[in-house]
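These notes concern the structure reproduced below.
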Amino acid sequence: MQKILDNIIGKTEKIGEIIYKYRYYIAITIFILCVFFEVSGSSIGAWNDFVKTNVTEDGVIFGKSRGIRSDEWAVLTPMSFSQKFDGFKYFSNLVRGGSTDVFIVYGLPTLNLMEIFRPFQIGYLFLGLAKGLSFFWCGRFIALFLVSFELGMIITNKNKLLSLVQAILVTLSPMIQWWFAVNGVAEIFIFGQLAVILLYKYMNTDSLKKRILYLLGLIICAGGYILVFYPAWQIPMIYVFLGLAVWTIISNIKNCKINRKDIISIIVAILIFAVCMVYVLVNSIDTIKAVMGTVYPGARMETGGNVQNSFTQYVMNIFLPTKDIGLNTNSCEEATMFTLFPMGIIIASIIFLKDKKKDLGLICLLIPYMFLGIWCIWGFPEIIAKLTLMSNSQAPRSVIALGFLEILILIRGLSIIKEPIKRIPSILISIITTVWIVGLAERNNPLYITKKMTIAMGIMCVYLFYFILRYKAKYAKYLFTAGITFVMIMTGATVNPIRSSTDVIYDSEIIKEVQKINEKEQGKWIVESLGFPYGNYLLMAGAATINSTNTYPDIEKWHKLDEEAKYEDIYNRYAHIIMSLKGSEDEYENKFELVHPDTFLVNVNLQDLQDLDVKYIFTVNDLEKYQTENIKLDLIYSYENYKVYKICGSKNDK
């Protein structure tokens, strides 16, 4: 049996060496094939659950569209698609039905030199929508895996197997996969890790040409990270990368000799970066002010604390792709990094206390870990929260950084621990820790976790914990790698669907007809009476839709209906907007009504729509009764129960 295992391991290692040697060629080949076949992880098939059209197949090859990921399939993707119909402008004329900054908020594809900081959006500009969507999804997934692996090679002193484990744990982590397409979560990890890698390479080469290339890469990483424009994740994560950067600098300072040419190149790089950021700031300063001045989400003042349950939540994440009934919130909010807590801390403690090794890498990781741990469990006084900028990050969002640190601590610890823990202590520690972790998870999720799930979590934890503690023993590292790979495939790889093409949208008779109407005579649209996500549907046909998701408020537009700014607190927010057509003010109590923190209702009549320059109405209602002597409605299209009315007699037709 031992000979068979040795033979299998030997052959696997040889294959692994070949894959490692040609990893970039393999990655590029996979990427090209995926883009060619228009493969993505988008859940746009979920539109079939809302808009009933002639399209019955949603294009999913494996998995299923996730309706809960509406900020992807119902907001980001429709807005990204709309850019094609508006020439990929920095300021879209389609979103919100008027000039809207789409570069800084949501980071849509734009035909602009600053797109260098959004490299994964470039496919939209040249490859069409289907392949652009694939470029966006597959490019980010492959890049995240590669940079996570390369950072692992630095952290583990070139231990390929542990680097592979790190890449799997990061790339397929539930929190990353459930939030993969939005809020820049993938970009934060890609640019942050890549910056550390480039810093390491810069410090270990004397070639000026290479150093200039690394500086250019660092500029892109810095700009890409900043322009994610989601401080709730960016700020806590910057402490992780700061710790890694300090470790890198201290460890490699002896190898780095800076001369006059290097100083000049660094100054030039800083100037280039500054010019780029000033350009973006000049173009988007009003947008940034508008976002910061909103009622929701507005400027935050968080003090952290009270999310200690997140430390053990990862064990139940293995069930999120298949079960969502009984959750305290929803799958996305319950998703965490798959940290294997507290194994990283246990391994680090053994290294410090038993092996008597003061490892700089672990120290540089444990310092931000303690900082963020205090923030997440107890919180900070308001003044410290402001000084550290953590006031801009809610504690539940900060756990992503804490989880990432736990993974890095574990991987670093396993790479330097001297010997395996003995069998009996390993068994006891594994069982005791499993009972504690699974017990806490069960207590925190009583309506979700069943007895069978408890048993499954228990088996998983005992297996993984045991082989972590025994990692330096013969075969243990292979058994751990095989186990964690299986678990992460089930936990992360099954979250998003694997689909091909965008036919689910562009084979729709409704989308085709709206495109024809727009090509014949453009005008502003509203979606009448239908709530989220319907307001964004017509964007994919290039229709300028006033009540598409307003990523930041168009105060001037709403003041036309609210001259005294009586309802400004309602519409001064990021919002999904419902517009309901009425005959007169007698039919409603308030012009604007807040439905949810991110949703409001506007009651309008045809005169209001004329004031907003609306030409077309998409609805499921019969609206002829709302016609007036001067403003008529012409039914120009109907499909099933969907109708398109053209407003006639308004100034749009003059």
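You'll find the side chain of Phe141 reaches within 4.5 Å of the side chain of Gln177, heavy atoms only. Residues Thr619 and Tyr645 meet the side-chain proximity criterion, which asks for heavy atoms closer than 4.5 Å. With contacts defined as side-chain heavy-atom distances shorter than 4.5 Å, the pair Phe618/Leu530 qualifies. Under the 4.5 Å side-chain criterion, counting only non-hydrogen atoms from C-beta, Ile577 is in contact with Trp558. Contact annotation: the side chain of Phe81 never approaches that of Leu539 to less than 4.5 Å [non-hydrogen atoms, C-beta and beyond]. Taking 4.5 Å as the limit, every side-chain heavy atom of Trp178 sits out of range of all side-chain heavy atoms of Asn317. Counting only heavy atoms from C-beta outward, the side chains of Tyr616 and Ile647 never approach each other to under 4.5 Å. Side-chain atoms of Gln308 and Trp378, non-hydrogen and from C-beta on, never get closer than 4.5 Å to each other.
What you find for Leu94 and Gly542 is that their closest heavy atoms are CD2-O, 3.6 Å. Here the closest non-hydrogen pair linking Asn444 and Thr312 is ND2-OG1, 4.0 Å. When every heavy atom of Leu612 is checked against every heavy atom of Lys524, the shortest pair comes out as O-CD, 3.8 Å. Taking both residues in full, the closest heavy atoms of Val527 and Gly535 are given as CG2-CA, 3.9 Å, listed atom of the first, atom of the second, then distance. Among all heavy-atom pairs drawn from Ser398 and Met390, the shortest one is OG-CE, 3.7 Å. Nearest approach of Val182 to Arg69, heavy atoms of both residues: CG2-NH2, 3.2 Å.
Although no hydrogens or angles enter the test, the distance criterion places a donor-acceptor pair under 3.5 Å between the side chain of Tyr642 and the main chain of Lys52. Side chain of Glu72 to backbone of Ser42: no donor-acceptor contact under 3.5 angstrom is found. Asn590 places no side-chain N or O within donor-acceptor distance of the main-chain N or O of Glu593, the cut-off being under 3.5 Å. Proximity of a side-chain donor or acceptor of Glu528 to a complementary backbone N or O of Leu581 within less than 3.5 Å is detected. Although no hydrogens or angles enter the test, the distance criterion places a donor-acceptor pair under 3.5 Å between the side chain of Asn605 and the main chain of Gln607. Side-chain N or O atoms of Asp86 include none that pairs as donor or acceptor with a backbone N or O of Ser82 at under 3.5 Å. In this structure, Gln121 contributes its side chain and Glu115 its backbone to no donor-acceptor pair below 3.5 Å. With hydrogens and angles ignored, the 3.5 Å screen pairs no side-chain donor or acceptor of Lys89 with any backbone N or O of Ser99. In this structure a side-chain-to-backbone donor-acceptor pair under 3.5 Å is missing from Ser580 to Ser529. Side-chain atoms of Arg118 come within 3.5 Å of backbone N or O of Leu227 as a donor-acceptor pair.
Interatomic distance, CH2 of Trp73 versus CG of Asp49, reported as 7.5 Å (0.5 Å rounding). Residue Leu402 holds its CG atom at 11.0 Å from CE of Met237, rounded to the nearest 0.5 Å. Note that CG of Leu447 is 11.5 Å distant from CD1 of Ile325, once rounded to the nearest 0.5 Å. Here CH2 of Trp179 is found 12.0 Å from CD1 of Ile188. Values are rounded to the nearest 0.5 Å. Here the CD1 atom belonging to Ile235 is positioned 5.0 Å from the CG atom belonging to Leu389, to the nearest 0.5 angstrom.
Residues Asp58 and Lys64 are not paired through a salt bridge, judged by the lack of any N-O separation under 4.0 Å between the basic side chain and the carboxylate. By the 4.0 Å N-to-carboxylate-O rule, Lys615 lies too far from Asp613 to be salt-bridged with it. At a threshold of 4.0 Å, the pair Arg397-Glu333 counts as salt-bridged, since one of the basic side-chain nitrogens sits closer than that to a carboxylate oxygen.
With hydrogens and angles left out, the side-chain atoms of Thr329 and Glu334 include a donor and acceptor closer than 3.5 Å. Counted by atom type alone, Asn445 and Gln313 present one or more donor-acceptor pairs between their side chains at under 3.5 Å.
Aromatic ring orientation, Tyr534 versus Phe50: perpendicular (interplanar angle above 60°, classes split at 30° and 60°). Between Phe371 and Tyr239, the two ring planes are tilted [angle within 30° to 60°]. Taking the six-membered ring for Trp and thresholds of 30 and 60 degrees, Tyr567 and Phe592 have ring planes inclined between 30 and 60 degrees apart.
Applying the salt bridge (Lys or Arg N to Asp or Glu O under 4.0 Å) test to Asp324 and every residue at least two apart in sequence or in another chain returns nothing.
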- Query: Between Leu609 and Ile617, is a side chain to side chain contact (heavy atoms under 4.5 Å, CB included) present by the stated rule, with each step listed?
  - Reply: CA-CA 10 Å; Leu609 296 185; Ile617 304 173; 3.7 Å; yes

- Message: Using side chain to side chain contact (heavy atoms under 4.5 Å, CB included), reason through Tyr574 and Val105 one step at a time and then give a plain yes or no.
- Response: CA-CA 11 Å; Tyr574 171 103; Val105 181; 5.9 Å; no

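A ring-ring contact (aromatic ring centres under 6.0 Å, His included) with Phe189 holds for exactly one of Phe404, Phe180, Tyr225; it is Phe404. When Leu125, Leu108, Val102, Asn112 are each tested for a side chain to side chain contact (heavy atoms under 4.5 Å, CB included) with Phe88, only one passes: Leu125. For the side-chain hydrogen bond (donor to acceptor under 3.5 Å, both in side chains) criterion with His576, the lone passing option out of Thr549, Asn536, Asn547 is Thr549.
With ring centers used as reference points, Phe136 lies 6.0 Å or more from Phe120.
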